[in-house]
Amino acid sequence: MDTTAWIWIAIAIIVVLLVVVFLLRLSRGRRIRQAEELKDRAREQASSLREDATESGLLAREKEAVAARTAADAEEAAVAAERLKIEAQRQHSAAAESDSRSKEQLHEASVIDPDVDATENAGTPQDGGVGTSRPTSTEQVSDHDGTPLDGVSDGPDSTPDDEASARGRGRHSQEPGNA
């Protein structure tokens, strides 16, 4: 082989080596770019996660603040309820004291009143209540012979109209001398 053939073989080897080096650099550059893209995506994802975590943290602190406010409101309501309970007890005590004073005054009046037999009737007038006490709605007021003063009998024939018309002629319209 002559030298020119060796020169062409050397040139071909150099070209092949240059192509291989070029292709290796291309693939290495591509791998570097892909690695950089992966890093950029990872950075973006990490940034997004940080933003989400920061937002979640803010929401959690906001919820904590709301919970603290609610707990404070509940505590305030409990204090107000306790105050109201104390006030209610105070009012019950005042009412009981007032009732006790009222009963004492009634007792004193019964002791002072000459028409009241304090031992026998426990504060009711001795004259049988003429002019002072009134029968309850369930009691029947009757004349000396047993007939009702209001003119209404409780028999099966009485109607509500009879009762209503008899109210005007009842016991209060009778004169004390005519009874």
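Computation of the quantities below employed the complete heavy-atom set of this structure, encompassing side-chain atoms and omitting hydrogens, waters and symmetry-equivalent molecules. As the structure is a prediction and not an experimental result, all values here were calculated from the model.
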- request: Could you pull out all residues at least two apart from Leu17 that satisfy side-chain contact (heavy atoms from CB on, under 4.5 Å)?
  value: Ile13
- request: Indicate if Ile14 and Leu23 have the same hydrophobic cluster label, given that clusters are the connected sets of ILVMFWY residues with side-chain heavy-atom separations under 4.5 angstrom.
  value: no
query: Is the CD atom of Glu36 crowded by more than 12 outside heavy atoms at less than 6.0 Å?
result: yes
field: Hydrophobic cluster of Ile32, others only, ordered by chain and residue number, side-chain cut-off 4.5 Å
entry: none
- prompt: Could you give all pairs that pass the salt bridge (charged side-chain N to carboxylate O under 4.0 Å, His left out) test and reach residues 92-104, with sequence neighbours left out?
  reply: Glu97-Arg101, Asp99-Lys103
I'd like a table of donor-acceptor pairs (distance under 3.5 Å, sequence neighbours excluded) in which one partner is a side-chain atom from residues 49-56, with atom names and distances.
unit_1	atom_1	unit_2	atom_2	d
Thr54	OG1	Arg50	O	2.7
Ser56	OG	Asp52	O	2.9

message: Measuring from atom CG of Leu38 to atom CZ of Arg31, what distance do you get when rounded to the nearest 0.5 angstrom?
response: 13.5 Å
Spacing of Arg61 atom CZ and Lys63 atom NZ [to the nearest 0.5 Å]: 14.0 Å
- request: Mind running side-chain contact (heavy atoms from CB on, under 4.5 Å) on Arg33 and Arg30 for me, showing each step along the way?
  value: CA-CA 5 Å; Arg33 272 182 279 156; Arg30 187 176 298 150; 4.2 Å; yes
message: Under the salt bridge (charged side-chain N to carboxylate O under 4.0 Å, His left out) definition, can you give me all pairs with a residue in residues 68-90, not counting sequence neighbours?
response: Glu87-Arg90
field: salt bridge (charged side-chain N to carboxylate O under 4.0 Å, His left out) partners of Glu37, counting only residues at least two apart
entry: Arg41
- request: Could you tell me whether the side chain of Phe22 reaches within less than 4.5 Å of the side chain of Leu26, counting heavy atoms only?
  value: yes
query: Can you name the residues that form a salt bridge (charged side-chain N to carboxylate O under 4.0 Å, His left out) with Arg25, not counting sequence neighbours?
result: none
query: Going by side-chain heavy atoms closer than 4.5 Å, which hydrophobic residues are tied to Val66, directly or by a chain of links?
result: none
task: With sequence neighbours left out, write down each residue that passes side-chain hydrogen bond (donor to acceptor under 3.5 Å, both in side chains) with Arg43, or none if nothing qualifies.
output: Asp40
message: Under 4.5 Å side-chain heavy-atom separation, chaining through any Ile, Leu, Val, Met, Phe, Trp or Tyr, what else clusters with Val79? Say none if it is isolated.
response: none
task: Tell me, please, which residues at least two apart from Ser98 pass side-chain hydrogen bond (donor to acceptor under 3.5 Å, both in side chains).
output: none
- request: Output yes when a side-chain donor or acceptor of Ser110 lies under 3.5 Å from a complementary backbone atom of Leu106, and no otherwise.
  value: yes
- prompt: Apart from Leu84 itself, which Ile, Leu, Val, Met, Phe, Trp or Tyr residues share its cluster (side-chain heavy atoms under 4.5 Å, direct or through members)?
  reply: none
- prompt: According to a 4.5 Å side-chain heavy-atom criterion applied to Ile, Leu, Val, Met, Phe, Trp and Tyr, with indirect links allowed, do Ile7 and Val15 form part of one hydrophobic cluster?
  reply: yes
